[in-house]
Amino acid sequence: MRETVRVRFAPSPTGFLHLGGARTALFNWAFARKYGGVFVLRIEDTDLSRSTEESVRVILESLRWLGLLWDEGPEVGGPYGPYFQSQRLHLYREYAEKLLQKGLAYECFCTPEELKERKERVIAQGGSWRYDRRCLHLSAREREAFRREGRKPVLRFRIPEGATTFVDMLRGDVTFDNGELDDFVILKSDGMPTYNFACVVDDALMRITHVIRGDDHISNTPRQVLLYEAFGFPCPQFAHIPMILGKDRTRLSKRHGSPSVTYYRDMGYLPEAMVNYLARLSWATGEEEKEIFTREEIIERFSLEQVTKHAAVFDLDKLNWMNGVYLRAADPERLAEILIDILKRQGKVTEKDLTPEFSAYCRRVMALMRDRIRYVAQILEEAEYFFTEYYEYDPQAVESVLFEEKVPEILRTSYELLKDLEPFDAATIEKAIRSEAERRGLKAAQFIHPLRVAVSGKKVGPGLFELLEVLGKERVLARIARTLRFLEKG
RNA sequence: GCCCCCAUCGUCUAGCCAGGUUAGGACAUCGCCCUUUCAAGGCGACGGCAGCGGUUCAAAUCCGCUUGGGGGCGCCA
């Protein structure tokens, strides 16, 4: 009895997929999956001057990375294609023509300059501007005269009298007085459709049942509803989800750092963590203490009724925490691959470094470090000593640890002790160092701390014995020697 | 300026629709425990119903106003 749920995500390819778009896509996807529906991806590339193929590529890549796979759309096709608006221009013209025939749309020859001038004049007089319908009743002769002048008309939709109400699934009835709307352009003078028009034609032809989009579209909705009515199309259900804001409570944008999905991917965030975090922005299930949700759990529980109505502030701290949770549970093998991608991108390794041994090393580094980082790239920010011999000594560590009286002696002893130690693994190293400390009447910590600073330059890091094992005997000895030379120089 | 939407800890939110809770959880912050450091983990603390008025025995919850925030007012999407 109930028709199949069909939802869509319709980005315009004018840049990266940002977090707000990703979350809109996620809610659409979750809704479709929950109800066994179809998730359509449509590319709104009618703005030729701003749309790029590169952007299309990045958006598809971002969605795939997040695991928000579409059932119909670019590269997968479907029965209602094409899924690029730039390939559907004939449809917009055909449908615009219908409105023109029915007298529900009319040609307007006003130029942008003329419009601007009139608008400014009205506003200067304290009025609020709506298109003044100067071209509403143009005769065929007048239109012909304009054409001879070389003017190219736009097509405007004639807004009827009255008020327009639509049901928002989150808010209930929302009503706009049609007087607030003006006769908006549906076809530009170059023949391209405008957003509101193309959107309605496509959503209708693609049999979209639920339009889930950002609440910045609320004020577009009455215009679109009027178009559905003008065409006699069945109106889909609307659900306007809240925006994601930056710390300063304005719409998330470039100014807030990096709102793109690819940025987070490149920093070594895990897609399941991003999905989980984004899902929990504006949406909660009410289960106490439960913050971590798998994709399946999200789908199972998802409901638009539980989506909040107010904007949400993006909180990097919480994303970091959540990503840390996923990192700790992740396979080191997988994390090593992410790490290697980052190293490559940052030029820290070249193709010839990428040996199986290096991969194994990265895996061991990740096994050690995944418990104490919040995103993979953090390793290069806080533990560069894994990948260079030229790490610096943290001045504080030098001051409070290395300048202790017995340190040179302890380091020399350690050097001798480790030199012939076999096997060079954490358990053996630990045993050796602890017994040596005991023999000398020292606390193990008196060995551990200076050694850590010696081999890493830092006071903090993974367990020392594991660290030494992963670094390997050769590097550990060289680093101890280096530190001794450093101390001798004062 | 006009129109629309929204309002619970610093942040994400539960509770609101079907009034009665010590207003719950998570992140962050702080303290203690554990511990070779860090992290993780455990325990605890801090911290909120924007304001005013109304309805009611009773209001975070229902109503109104104010204030605050967001969005829109393109031949952008």
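In the text below, chain A, chain B and the rest are named by the order of the sequence lines, each starting its count at 1. Reckoned from all heavy atoms, side chains included, excluding hydrogens, waters and symmetry mates. All figures in this text were calculated on a predicted structure; none of them were measured in a lab.
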Undergrad: Please state how far atom CG in A:N178 lies from atom C1' in B:rC2, giving the value in whole angstrom units.
TA: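 Rounding to the nearest Å, CG of A:N178 and C1' of B:rC2 are 16 Å apart.
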Undergrad: Please tell me if A:T175 has a side-chain N or O lying less than 4.0 Å from either OP1 or OP2 of B:rC4.
TA: no
Undergrad: Does A:K188 make a side-chain N or O approach to OP1 or OP2 of B:rC76 shorter than 4.0 Å?
TA: yes
Undergrad: Name the pairing partner of B:rU61, where a pair is Watson-Crick or G-U wobble with both distances under 3.5 Å, or state none.
TA: none
Undergrad: Does B:rG71 have OP1 or OP2 sitting under 4.0 Å from an N or O in the side chain of A:R249?
TA: no
Undergrad: Taking the side chain as every heavy atom from C-beta outward, state whether A:T483 and A:L402 have any atom pair closer than 4.5 Å.
TA: yes
Undergrad: Any strand is fair game: report the nucleotide pairing with B:rG1 by Watson-Crick or G-U wobble, both distances under 3.5 Å, or none.
TA: B:rC73
Undergrad: Which nucleotide sits closest to the side chain of A:I218: B:rU37, B:rC5, B:rG25?
TA: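 Ranking B:rU37, B:rC5, B:rG25 by closest atom to the A:I218 side chain puts B:rC5 first.
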Undergrad: Under the criterion side chain to side chain donor-acceptor pair (under 3.5 Å), I'd like the reasoning laid out for A:Y264 against A:N323: C-alpha separation, chi angles, the key distance, then a yes or no.
TA: CA-CA 11 Å; A:Y264 291 95; A:N323 199 55; over 6 Å; no
Undergrad: With a non-hydrogen cut-off below 4.0 angstrom, is A:R50 in contact with a base, only sugar-phosphate, or nothing?
TA: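 Base contact.
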Undergrad: Are A:S282 and A:K309 packed together at the side-chain level, in the sense that at least one heavy-atom pair is separated by less than 4.5 angstrom?
TA: no
Undergrad: Between B:rC27 and B:rG72, how far is it from one P atom to the other, in whole Å?
TA: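 It works out to 34 Å between them.
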Undergrad: Pick the C1' atom in B:rU21 and in B:rA58, then give their distance to the nearest Å.
TA: 13 Å
Undergrad: Has the side chain of A:R372 got a donor or acceptor atom sitting under 3.5 Å from an opposite partner on the base of B:rC38?
TA: yes
Undergrad: Where the side chain of A:Y277 meets the backbone of A:D315, is there a donor-acceptor pair that is under 3.5 Å apart?
TA: yes
Undergrad: Which nucleotide wins on minimum distance to the side chain of A:T308, given the candidates B:rA14, B:rC75, B:rG70?
TA: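 The nucleotide sitting nearest to the side chain is B:rA14.
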Undergrad: Please work out if A:K459 contacts a base, only the sugar-phosphate, or nothing of the nucleic acid, heavy-atom cut-off 4.0 Å.
TA: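 Contact class for A:K459: base.
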Undergrad: Please tell me which of the listed nucleotides, B:rG72, B:rG25, B:rC2, lies nearest to the side chain of A:R223?
TA: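 So the side chain of A:R223 is nearest to B:rG72.
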Undergrad: Which listed nucleotide (B:rG71, B:rU36, B:rU37) is nearest to the side chain of A:L464?
TA: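 Closest of the options to the side chain of A:L464: B:rU36.
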Undergrad: By nearest heavy atom, map A:V185 and A:E180 onto RNA chain B; which one lands nearer the 5' end?
TA: A:E180
Undergrad: Measuring to OP1 and OP2 of B:rU13, would you say a side-chain N or O of A:S282 lies under 4.0 angstrom away?
TA: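 The answer is yes; a side-chain N or O of A:S282 sits under 4.0 Å from OP1 or OP2.
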Undergrad: Check every strand shown and say whether A:G463 touches a base, only sugar-phosphate, or nothing at a heavy-atom separation below 4.0 Å.
TA: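 Result for A:G463 = base.
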Undergrad: If I pick the C1' atom on B:rG47 and the same atom on B:rA23, what distance separates them, to the nearest angstrom?
TA: 13 Å
Undergrad: For B:rC17 versus B:rG25, give the span between their P atoms, rounded off to a whole number of Å.
TA: 22 Å
Undergrad: Below 4.0 angstrom from OP1 or OP2 of B:rG25, is there any side-chain N or O of A:K318?
TA: no
Undergrad: Measure from NZ or CZ of A:R42 to the centre of the six-membered ring of A:F84, then state whether that distance is under 6.0 Å and the direction lies within 45° of the axis.
TA: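 Geometry flag: not set, cation outside 6.0 Å or 45°.
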Undergrad: Quick check for you: among B:rG1, B:rG70, B:rU13, whose closest atom lies nearest to any side-chain atom of A:A284?
TA: B:rU13
Undergrad: With the side chain of A:R251 defined as its heavy atoms from C-beta on, choose the nearest nucleotide among B:rC75, B:rG72, B:rA77.
TA: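 Selected nucleotide: B:rG72.
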Undergrad: Mind checking who B:rC43 pairs with, Watson-Crick or G-U wobble, both distances under 3.5 Å?
TA: B:rG31
Undergrad: Output the single nucleotide from B:rC5, B:rG71, B:rG25 whose closest atom is nearest the side chain of A:E288.
TA: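 When the side chain of A:E288 is considered, B:rG25 is the closest of B:rC5, B:rG71, B:rG25.
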Undergrad: On a plain distance test, is the side chain of A:S189 in donor-acceptor contact with the base of B:rC75 below 3.5 Å?
TA: yes
Undergrad: Are the side chains of A:I379 and A:M366 in touch, meaning some heavy atoms are under 4.5 Å apart?
TA: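 They are in side-chain contact.
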Undergrad: Using a heavy-atom cut-off of under 4.0 Å over every strand shown, decide if A:K119 touches base, sugar-phosphate, or nothing.
TA: sugar-phosphate
Undergrad: When we call it a touch if two heavy atoms are under 4.0 Å apart, what does A:H240 touch: a base, just sugar-phosphate, or nothing?
TA: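 A:H240: no heavy atom of the nucleic acid under 4.0 Å.
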Undergrad: Can you spot which of A:V40, A:L41, A:I43 makes a side-chain contact (heavy atoms from CB on, under 4.5 Å) with A:Y83?
TA: A:V40
Undergrad: The side chain of A:P112 is closest to which nucleotide in this list: B:rC75, B:rA77, B:rU36?
TA: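 Nearest to the side chain of A:P112 among the choices is B:rC75.
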Undergrad: Measuring only the C1' atom in each nucleotide, how far is B:rU8 from B:rG1? A whole number of Å is fine.
TA: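 Each nucleotide's C1' atom is 33 Å from the other's.
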Undergrad: Looking at B:rC75, B:rA77, B:rU36, which one has an atom nearest to any side-chain atom of A:F465?
TA: B:rU36
Undergrad: Regarding A:N220, tell me which of base, sugar-phosphate or nothing describes its non-hydrogen contacts under 4.0 Å with the strands shown.
TA: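 Result for A:N220 = base.
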Undergrad: Where the side chain of A:R280 is defined as all heavy atoms beyond and including C-beta, which of B:rU36, B:rC5, B:rG25 is the nearest nucleotide?
TA: B:rG25
Undergrad: Within a radius of less than 6.0 Å around CD of A:E142, do more than 12 heavy atoms belonging to other residues, nucleotides or ligands occur?
TA: yes
Undergrad: Across the strands shown, which category fits A:S49 at heavy-atom distances under 4.0 angstrom: base, sugar-phosphate, nothing?
TA: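 Here A:S49 touches no strand at all.
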Undergrad: Need one value for A:P462: base, sugar-phosphate or nothing, where a base atom within 4.0 Å counts as base even if backbone is also close, heavy atoms only.
TA: base
Undergrad: Rounding to the closest angstrom, what is the interatomic distance between B:rG44 and B:rC49 at atom P?
TA: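 The answer is 24 Å between these two P atoms.
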Undergrad: Looking at A:H310, I'd like to know whether one of its side-chain N or O atoms comes within less than 4.0 Å of OP1 or OP2 on B:rU13.
TA: yes
Undergrad: Counting any heavy atom closer than 4.0 Å, what does A:R434 reach on the DNA or RNA strands: base, sugar-phosphate only, or nothing?
TA: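 Base contact.
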